[in-house]
Amino acid sequence: MNVADKTRQVSKLAIENLYGIILTDKDIQINETKPEFEGDYTLVLFSFIKQLKKPPEQLGKEIGEHLLKNNTDLFSGFNIVKGFLNLSVNEIYWIDFLNSNYKEVNYGKKNANGKKVMVEYSSPNTNKPLHLGHLRNIFLGWSIAEILKANGFEVVKTCIVNDRGIHICKSMIAWQLFANGETPGSTGKKGDHFVGDYYVKFNEESKRQVEELLAKGMSKEEAEKEAPVMKATQQMLLEWEAGKPEVIALWKKMNGWVYEGFDVTYKRIGADFAKIYYESDTYLLGKKFVEEGLKQGVFFKKDDGSVWIDLTDEGLDEKLVLRKDGTSVYITQDLGLAQEKYDDLHYDQSIYVIGDEQNYHMKVLKLILKKLGKPYADGVFHLSYGMVELPGGRMKSREGNTVDADDLVDEMVSISGRHTEELGKVKDFSTEELKELYDIIGLGALKFFLLRVDPKKKMIFNPEESIDFHGFTGPFIQYTHARIKSILRKEIKASHELRATNLLPLEKKLIIKLEQYLTIVEQAAIEHNPSVLAIYAFEVAKTFNTFYTEHSVMKAESEVKKHLRLQVCELTIHVIASAMGLLGIKVPERM
RNA sequence: GGUCCGGUAGCUCAGUUGAAUAGAGCAAUUGCCUUCUAAGCAAUAGGUCAUUGGUUUGAAUCCAAUCCGGAUCACCA
């Protein structure tokens, strides 16, 4: 247990013993002491003043003395300012903490808790390449999976590929019309980009045809339906569903190109999946749910044969679950997929990393599973994240004004290369080593940029102002890691034997920060929020840099101090590498 | 229109289980490399926490109303 929690517990005990009242953990408020006051952690007294009818000074004195007397190993002193009881933690506690953890490479990781979690993320369509929005999704999903692993969960990463439907047929039609048999191989283009280009071509052609029809006096709605390319696409979808061999062959061929492209990108950015579901396999799955729901009276049938669920009691609407022609809608498939996932892994929690535009859909999905009495319904969790927007508004892949994932990664890597060259610190690196370093820094900057913001919030990306490499950024933290490594490379190992005393303020500040890591890892999992780790890693790095500028490690005042600082360096490096690792960001030895 | 989410420094964001004088980074200004990596450190400046009212010993945080922005409410996915 960490100091803050211990302090909470003993404070609760103290107040209960002194005044004979019963408290819960929530009644006890422990804050970090503000730097302008003396002390490390602070018990807020205000809520007890009224209840116990004692002035804060007296209350603080009584509690403080009681705490000090009964926890000599934990506290060394206290002071009272207004309604705040500031407690100083015994220096021995910090030194012991450091001594027993600085070698611990797994510091921050918990033991297995026997619970299983499925994390579904990325989930692309196969008609266009990945863009910036996917990157936020992928980094988030990957990171949250790692965070849960660190908290002791067994995690299975999955992906649902939207590989069928009208949008896929659009690319196929456009390819038939305009490609003249060209392939990614013949053009040298990456497969997903190649197919994406035809998706854009389709939309251009469709727009052109609609305008022609409009000019002939047709209504907009009618024109959109009657445009020849649109009719051809509808026809192709029917043929696909009927299993027409030529259509299936083309579909397989084009999806294959896309998968080859995706694999390259996934590999580069470090995404991986234990199991991939394909919509073409799952889209018919949900129908038995409809039967079941009808039998249970959860669903009802309208006169035209369509099947609905009435969610007006929950403040929602009526929702269609099966079309009048008996075909599945989106939610029907998702019901089926939820069951399939549960059959595959009897999970305790099933996380869906999906944008907040689908909040309503996911709410409905969970509600329906609940109404059907599915035991796994409560485990369904929508990790909802905000859209990444450009200064001009949302990205529209139909119009091709997206920030392409591959382009962005390339750009970040090349900027990091330029930057590294200018600084000239790694002139002895081989070409291979340089390439690896540029990747680490470029991807680090990009991942950190997307993960440092609360997932729930939408964010704006301005391509004109490229992502920063200074301040609250990935490279700043990576740089701090490299700095520490450069000290530790001198091959002097910290020693257990030399026990320091009289911690300097900056030494203590850093140790306190490092001691909080466990809580941060827990918090990130509870909130499903990697940004708390990003913020924390930055604070650790910043605290270290201040310490580093003020105090020398290798030329410390004494041997004892030197070894204390070496221990601090080792623990700092473990925490930074671990926290960044949970964000999917590597840290370099040198940069 | 119903539901939901957001509005904090010029910009990008923390802080939102109520608590001490609202914090970072970028941008601006100014110092610091003969000392373990200056992708760094230190300092200055920058605020009507959208607005109004309420609850409270105490409100950026809770409640209500209003204004602004966004998402969603498809026999699309």
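To find a chain, count down the sequence lines: A is the first, B the second, and so on, and within it residues start at 1. Model, not experiment: these values are computed from the prediction.
With both ends at atom C1', the span from B:rA22 to B:rC5 equals 23 Å, rounded to whole Å. Spacing of C1' atoms, B:rU57 relative to B:rG2, comes out at 40 Å, to the nearest Å. Separation of the P atoms belonging to B:rC62 and B:rA74 is 31 Å when rounded to the nearest angstrom. Only the P atoms considered, B:rC63 is 29 Å distant from B:rA24, to the nearest whole Å. Across the C1' atoms, B:rG46 and B:rG25 are found 14 Å apart, a figure rounded to whole Å. B:rG23 and B:rU61: their C1' atoms are spaced 15 Å apart (whole Å). Look at the P atom in both B:rG47 and B:rA59: the space between them is 22 Å, to the nearest Å. Going from the C1' atom of B:rU52 to that of B:rC67 covers 11 Å, rounded to whole Å.
Relative to the side chain of A:Ile460, the nucleotides B:rG40, B:rU12, B:rA20 differ in distance, and B:rU12 lies closest. For A:Lys26, the listed nucleotide lying nearest its side chain is B:rU17; candidates were B:rC73, B:rU17, B:rG7. Side chain of A:Lys555, nearest nucleotide from B:rA20, B:rG40, B:rU35: B:rU35. In this structure, the nucleotide among B:rA38, B:rU21, B:rC13 sitting nearest to the side chain of A:Lys82 is B:rU21. Checking B:rA19, B:rC75, B:rC73 against the side-chain heavy atoms of A:Asp317 singles out B:rC73 as nearest. Taking every side-chain heavy atom of A:Lys542 into account, B:rA24 is the closest of B:rA24, B:rU35, B:rA77. In this structure, of B:rU72, B:rA19, B:rA77, it is B:rU72 that holds the atom nearest to the side chain of A:Tyr360. If you check B:rA20, B:rC13, B:rA77 against the side chain of A:Gln358, the one that comes closest is B:rA77. Between B:rC41, B:rA20, B:rC36, one nucleotide has an atom nearer to the side chain of A:Thr549 than all others, and that is B:rC41.
Pair check for B:rG1 finds B:rC73; Watson-Crick or G-U wobble, both atom distances under 3.5 Å. Remark: B:rG40 base-pairs with B:rC32; criterion is Watson-Crick or G-U wobble with both hydrogen-bond distances under 3.5 Å. Both distances falling under 3.5 Å, in either a Watson-Crick or a G-U wobble arrangement, occur for no nucleotide opposite B:rG46.
Other residues, nucleotides and ligands contribute only 12 or fewer heavy atoms inside 6.0 Å of the NZ atom of A:Lys456.
For A:Arg565, no side-chain nitrogen or oxygen approaches OP1 or OP2 of B:rC36 to under 4.0 Å. Note on A:Lys457: a side-chain N or O is less than 4.0 Å away from OP1 or OP2 of B:rA14. Between A:Arg590 and B:rC36 there is no side-chain polar atom (N or O) within less than 4.0 angstrom of OP1 or OP2.
Checking A:Trp308 against A:Leu423, the closest nucleotide of RNA chain B that is more toward the 5' end is the one next to A:Leu423.
Under the stacking criterion of a centre-to-centre distance below 5.5 angstrom and an interplanar angle below 30°, A:Phe538 is not stacked against the six-membered ring of B:rA24.
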